[in-house]
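So the structure is just underneath, and the comments pick up after that.
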Protein chains: 2
Amino acid sequence: MSRRKPANDGPCPVARSVDVIGDRWSLLIVRDAFDGTNRFGDFQRNLGVARNILSDRLRQLVEAGILETRPASDGTAYKEYVLTERGESLFPVVVALRQWGERHLFARGERHSRLVDRKTGEPIPFMAPKAGNGDALMPGEAEVRKLT
Amino acid sequence: MSRRKPANDGPCPVARSVDVIGDRWSLLIVRDAFDGTNRFGDFQRNLGVARNILSDRLRQLVEAGILETRPASDGTAYKEYVLTERGESLFPVVVALRQWGERHLFARGERHSRLVDRKTGEPIPFMAPKAGNGDALMPGEAEVRKLT
DNA sequence: TCAATCAGTTTCAATTTAAAACCAGATTGA
DNA sequence: TCAATCTGGTTTTAAATTGAAACTGATTGA
């Protein structure tokens, strides 16, 4: 069941990232993990994903160093899945997807969940790439240099 | 061939985004489009994707309003695929994936392509979510409020 | 002790993907 | 001009992936 890929070794970081997390379920598992979900059964119920697929994706995410398992914090003999440092660093990816979705995938007036600062309750400001001088960077103003 | 999904109508923007672009090829097509690729054959050769799959994904991206077709700019009777405004607004998503990949998916010293400011040649600074006051926002400091 | 829960694994059918062959219209070159 | 080639697909078929459900075995709670 678990995918054995030739392991993308190309020079494009986007391609490598997509290779690791560019999968419908993997990304949603990571999102739920940011939200505090960490038990197999909770992921399964939240996502409605088939158990075998969930099992496979959790294994891949652990192998990729994005999640790790540890003994369940409720003292039972079960284990739980938590984001590693590497997994936590996917935060900008999830936030970018969230912000794009909020802007483009909801009708005006349609309700959606919102990401807020836990401390102040304020919504998180829009995140976008900036040039070195701090100005907003439009897509056309950036370019990919091969193999720097 | 083209996928007919029940169209995700849940409240989570991340889930809706993933539903639209959370696919290995779709994301890479968008990346290439940012890079200036716009012809069917060029996408096909760059990505090495099967023609039927590419055909399907391009159709989905056009339906989703991320790409649009227009007469080829070289004056031939062919058409080309270009990012719409909605498509261009995926820039932060692609940048986030790129930056995560650069940091975590290359061995130290291993070369990779780099995103630079076309004007200055400087690499694009790291992009991360900020709190309302401008401070960096750690994942634990944010929380999802259901249905605001 | 015993039923229910948890975390998977197995099985098998249905869907999706990939590779290759095929095709029509547009373009090019002799 | 008209044959060869190129472009942008579609079709076909096999292989891989997914999903639903049944099954398993350990763990828990009463």
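Chain letters run A, B, ... following the sequence lines, proteins first, then strands; residues in each count from 1. Quick caveat, the model's predicted, so the values are computed rather than measured.
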[atom1] of [X] versus [atom2] of [N]: gap in Å, rounded?
{"X": "Arg59(B)", "N": "dG8(D)", "atom1": "CZ", "atom2": "C1'", "answer": "12 Å"}
{"X": "Asp23(B)", "N": "dT18(D)", "atom1": "CG", "atom2": "P", "answer": "11 Å"}
{"X": "Asn38(B)", "N": "dT7(D)", "atom1": "CG", "atom2": "C1'", "answer": "14 Å"}
{"X": "Phe43(A)", "N": "dC6(C)", "atom1": "CZ", "atom2": "C1'", "answer": "15 Å"}
{"X": "Asp74(B)", "N": "dT7(D)", "atom1": "CG", "atom2": "P", "answer": "10 Å"}
{"X": "Leu58(B)", "N": "dG9(D)", "atom1": "CG", "atom2": "C1'", "answer": "11 Å"}
{"X": "Asp56(A)", "N": "dT17(D)", "atom1": "CG", "atom2": "P", "answer": "9 Å"}

[X] side-chain N/O to [N] phosphate OP1/OP2 under 4.0 Å:
{"X": "Tyr78(A)", "N": "dG25(D)", "value": "no"}
{"X": "Arg39(A)", "N": "dC6(C)", "value": "no"}
{"X": "Trp25(B)", "N": "dT17(C)", "value": "no"}
{"X": "Lys79(B)", "N": "dT7(D)", "value": "no"}

Output, in order, the C-alpha distance, side-chain angles, deciding distance and verdict of salt bridge (charged side-chain N to carboxylate O under 4.0 Å, His left out) for Arg45(B) and Asp32(B). CA-CA 11 Å; Arg45(B) 270 181 296 277; Asp32(B) 272 14; over 6 Å; no

Using a cut-off of 6.0 Å, state whether more than 12 heavy atoms not belonging to Arg118(B) lie near its atom CZ. yes

- For atom CD of Glu85(A), is the number of surrounding heavy atoms from other residues, nucleotides or ligands below 6.0 Å larger than 12? no

Taking dG8(C), dA21(C), dT18(D) as options, the one with an atom nearest any side-chain atom of Arg51(B) is dA21(C)

Looking only at dA19(C), dG9(D), dG25(C), the nucleotide nearest the Ala50(B) side chain is dA19(C)

The answer to which of Gly41(B) and Thr76(A) contacts DNA chain D further toward the 5' end, by nearest nucleotide, is Gly41(B)

By nearest-heavy-atom nucleotide on DNA chain C, the more 5' of Gly75(B) and Ser55(A) is Ser55(A)

Hey, is Glu63(B) close enough to Arg59(B) for a salt bridge, meaning N to O under 4.0 Å? no

Distance criterion of 3.5 Å, no angle test: do you see the side chain of Asn52(A) paired donor-to-acceptor with the base of dG19(D)? yes

* Asked: Base, sugar-phosphate, or nothing: which does Tyr81(B) touch, judged by heavy atoms less than 4.0 Å apart?
  -> sugar-phosphate

Interatomic distance, CD1@Ile29(A) vs CZ@Phe43(A), rounded to 0.5 Å, equals 6.5 Å

